[in-house]
Structures are given as structure tokens and as C-alpha cells.
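Source: prediction; values computed, not measured.
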Amino acid sequence: MGSYSLDDIRATRKRRDSWWTVFLVDPIACRVTLLVANHTDITPNGLTRLSLVLGMGAAACFATGRLALGALVFYLSFVVDCMDGKIARLKGTGTPFGLWLDYVGDRIRVVCCACGLAYGQYAETGRLAYVLLGAAIAVLDLFRYVNAPQMKRVRRTARARHRAALRAELAALRHAMAVDWLTQDRGDHAPGPSRPPVAPEPEAVATVRPTARPEFVTLFGPVAVGAVLSHAPPEAWRGAGPAPMAAEPKVGARRRVGGFLAACRVRTHLMSGIEFHAAVFVVAPLAGAEALLPVTVTAGALLVLNEIFLIYRMWQATRAVAARAVRPVPRPAESPRLRTDPFRTGVEIR
């Protein structure tokens with residue numbers, strides 16, 4: 001038994017979630033979780049199994065034509081499914097097996113409810129459209145949950161490559177600045193006239209912002225970064241200061257809506273997998289048998305459009321990472337090799 005508060009339960013909610021969960025499930029799930037956490041010893045895996053049993057009950061109700069009862073039982077099953085993660089994060093009792101059980105249990109529940117809905121309506125009407133409807137629900141759900149981890153893996157790989165390209169670009173800029181510092185230090189003691197500064201090519205400076213990272217341009221200035229990217233001598237960017245601060249852009253309606261949704265913990269997806277389940281197994285059955293086909297077809301079309309949009313965004317992100325990759329600045333063959341170790345105080349020429 002524990003002495004948790006409602007704020008403790010709310011702290012275990014996901015940072016971002018679907019609008020259906022945030023507005024229509026979490027207000028109930030948090031309060032029920034508070035009672036369960038303070039007055040029972042049930043484990044997260046126990047809640048997952050209870051959610052699966054309730055899902056089987058909803059499928060049985062759909063198969064026997066009791067649509068409204070099946071919708072209520074499915075909603076209760078989803079509430080319990082949202083509680084297991086909160087209990088696991090609250091008490092620190094989550095396990096890797098629990099993650100697998102929750103994932104597989106959700107798939108079993110959706111497939112069984114789709115089969116029950118298709119069987120029940122086909123038995124009452126004899127229409128083959130309901131059989132195809134059940135198959136389409138199962139296929140869309142499985143595609144959504146097979147595609148999601150693959151997209152997550154691609155995004156993780158793209159972020160890793162982006163960080164590698166950023167490190168390479170920063171290393172090239174750091175090397176050029178270190179060579180300039182060492183050259184300047186040698187020039188203070190070496191006889192002979194100094195070379196006049198050579199400005200970078202205008203094309204290089206003009207293309208600094210789409211080529212270089214914005215944080216580099218802000219820190220070192222467009223002339224300095226443009227000179228490095230165009231392989232200009234260090235004198236070209238010596239003394240170049242930071243870039244002037246640009247005026248803050250006006251906040252548009254889209255950004256304001258995004259800020260509001262972020263403050264409410266709502267993802268910017270109109271129809272994700274959770275909303276699809278809610279539309280098919282809660283909203284449509286409560287609206288009646290005549291609403292099953294149009295509601296399911298509309299929700300499925302929105303889900304497909306959402307998946308296409310996510311795939312397009314992922315493709316754009318991978319292209320942007322590939323475009324940001326830059327080559328290190330090569331050292332001129334005729335110049336002496338300078339040691340640029342920052343932990344050494346002298347200059348060595350070899």
C-alpha cells in the first residue's frame with residue numbers, strides 16, 4: 001500500500017499523447033490509478049492481463065450484436081491499459097517482459113474485436129462488406145504498429161548521422177581556427193611582410209546559411225564560416241565577429257496552435273492508431289450499426305493519410321541529413337604541418 005497523491009499520478013503521464021487519451025481517458029484513468037496504487041498491490045502485468053480479458057469481453061459483445069455494451073467494455077479495457085504504464089512508472093515495477101506483454105496484448109485485443117465486429121454484423125445482415133471491414137481494420141492496425149518501430153529506427157539512424165556530420169563540420173572549423181592562431185603566433189616572431197587578407201568568394205558567403213549550421217554562423221559570423229567552407233586562407237576570416245542578430249519572426253497561427261497542443265501534452269496527429277481504435281470500437285458502435293461502415297472508412301482513410309504524411313516527413317529528414325554532410329577542410333600540400341594540440345603551449349613545425 002502507498003500514500004500517493006493525484007499529482008504523483010499525473011507526473012507519470014506521457015510527455016505527449018493522443019488527444020483521445022489526454023482529454024477523454026487520462027482524467028478517468030488517473031483517478032482510478034490513484035485508488036489502485038494506494039489500496040491494492042496489483043502489478044502492471046496484472047493490469048495488462050485484465051485489459052486483455054476486458055478486450056475479449058468487448059469482442060464477445062460485438063460478436064453477439066450488442067454494440068453499445070461492447071463499446072463501453074472496450075473503453076474500459078483501454079482505460080485499464082493506460083493504467084499499467086502509470087503504475088509501472090509510479091512504483092518502478094516495470095519490466096521488459098511487461099513492455100512486450102502490453103504491446104502484444106494490444107494487438108490481440110484489436111484483432112479479436114475486429115473479428116467479433118465483422119462476425120456479428122455479417123451474421124445479422126449477411127453482407128460481405130462487414131467481413132472486408134474486419135479484415136481492413138486488422139491490416140491497418142498491424143501495419144501501423146509494424147511501421148512505427150521501423151520509422152523510429154530510421155529517425156534514430158538519421159539523428160546519429162546528423163550528429164556525426166555536425167561533429168565533422170565543427171572539427172573542420174576548429175582546425176581552421178587553430179591553424180590561424182598558430183600562424184598568427186609565428187608571424188609575431190618571424191621576419192618578412194605579412195600576407196594581405198584574402199576575402200572569401202562571394203558565392204561561399206552567400207551560401208553560408210543553407211550550407212553551414214546556424215549555430216556556427218551565429219557564433220563565428222558568416223564571413224568566417226564562408227571562408228572555411230570555401231577553403232579560403234585563415235586571414236580571410238580573422239577578426240570576423242559574430243553575425244548580427246536577426247529580428248524574431250512573427251508567431252503565426254500554426255505555431256500558436258502547436259504551442260497550445262504542446263502545453264496540453266497533445267500530439268499534432270488528428271488520427272493516429274489510438275484515435276482509430278476509438279472511432280471504430282467506441283464511437284461507431286455507440287452511433288449504431290448503420291454508422292459502422294462510414295465511420296470506419298473515414299477513420300481508416302485519415303489513418304492512411306497520417307501514415308503517408310509521417311513517412312514523407314521522415315523522407316525529408318533523411319534527405320536533409322544527407323545534404324548537411326560536409327567534407328573536412330583539406331590541408332594545403334605546400335604549407336608546413338602545424339601541431340594544433342590545445343594542451344601544448346609551443347608551436348612545433350615538422
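V297 is not connected to V280 by any chain of hydrophobic side-chain contacts under 4.5 Å among Ile, Leu, Val, Met, Phe, Trp and Tyr, and they are in different clusters. In this structure, V53 is not a member of the same hydrophobic cluster as M56, with clusters built from ILVMFWY side-chain heavy atoms closer than 4.5 Å. Linking ILVMFWY side-chain heavy atoms closer than 4.5 Å, directly or via other members, places L261 and M271 in a single hydrophobic cluster. Residues V283 and V22 fall within the same hydrophobic cluster, defined by Ile, Leu, Val, Met, Phe, Trp and Tyr side chains chained together at heavy-atom separations under 4.5 Å. L90 and M83 end up in different hydrophobic clusters when Ile, Leu, Val, Met, Phe, Trp and Tyr side chains are linked at under 4.5 Å.
Atom CG of L99 sits about 9.0 Å away from atom CG of N45, to the nearest 0.5 Å. For the atom pair OG1 of T318 and CZ of R161, the computed distance is 9.0 Å after rounding to the nearest 0.5 Å. The OG1 atom of T125 sits 10.0 Å away from the CG atom of L292 when rounded to the nearest 0.5 Å. Atom CG of L52 and atom CD1 of I108 lie 5.5 Å apart (nearest 0.5 Å). A distance of 8.0 Å separates NE2 of H277 from CG of L303, quoted to the nearest 0.5 Å. Taken to the nearest 0.5 Å, the SG atom of C82 stands 7.0 Å off from the NZ atom of K14.
What you find for G65 and E124 is that their closest heavy atoms are CA-OE2, 3.5 Å. Of all the heavy atoms in E275 and H269, the pair that sits closest is OE2-O, 4.2 Å. Minimum heavy-atom separation, L270 to W19: O-NE1, 2.9 Å. Listed here is the closest heavy atom pair of L140 and G300: CD1-CA, 3.8 Å. Shortest non-hydrogen contact noted between G55 and R109 is CA-CG, 3.6 Å. The minimum heavy-atom distance between L67 and P285, with the atom names listed, is O-CB, 3.5 Å.
Between L286 and Y75, every side-chain heavy-atom pair lies at or beyond the 4.5 Å cut-off. Looking at D17 and I274, their side chains come closer than 4.5 Å, going by heavy atoms from C-beta outward. Looking at heavy atoms from C-beta onward, T296 lies in side-chain contact with I137 at the 4.5 angstrom threshold. Between R127 and L293, the closest side-chain pair of non-hydrogen atoms falls below 4.5 Å. Looking only at side-chain heavy atoms (C-beta outward), L133 and Y130 come within less than 4.5 Å of each other. A 4.5 Å side-chain heavy-atom check between V266 and F23 finds at least one atom pair inside the cut-off.
Shown are L50, T93, L101, L47; of these, the side chain to side chain contact (heavy atoms under 4.5 Å, CB included) with D84 is made only by L47. Of the options W20, F276, F78, F74, a ring pair (Phe, Tyr, Trp, His ring centres under 6.0 Å) to F281 is made by F74 and by none of the others.
Judged by distance alone, the side chain of R13 and the main-chain N or O of R10 form a donor-acceptor pair under 3.5 Å. Formation of a donor-acceptor pair under 3.5 Å by the T12 side chain with backbone atoms of I9 is found in this model.
Crowding of R313 atom CZ: a count of heavy atoms from other residues, nucleotides or ligands under 6.0 Å not exceeding 12.
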Open item on the list: Let's go through Y103 and W100 carefully: what are the C-alpha distance in whole Å and the side-chain angles of both, what is the deciding distance for ring pair (Phe, Tyr, Trp, His ring centres under 6.0 Å) to 0.1 Å, and is it a yes or a no?
Closed with: CA-CA 5 Å; Y103 184 86; W100 175 86; 9.2 Å; no
- [ ] Let me see the working for V36 and I42 under side-chain contact (heavy atoms from CB on, under 4.5 Å), right down to the final yes or no.
- [x] CA-CA 7 Å; V36 171; I42 189 170; 3.2 Å; yes
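A donor-acceptor contact under 3.5 angstrom links the side chains of S5 and D8, judged on distance only.
A salt bridge links K86 and D26; the closest N-O separation between the charged side-chain nitrogens and carboxylate oxygens is under 4.0 Å.
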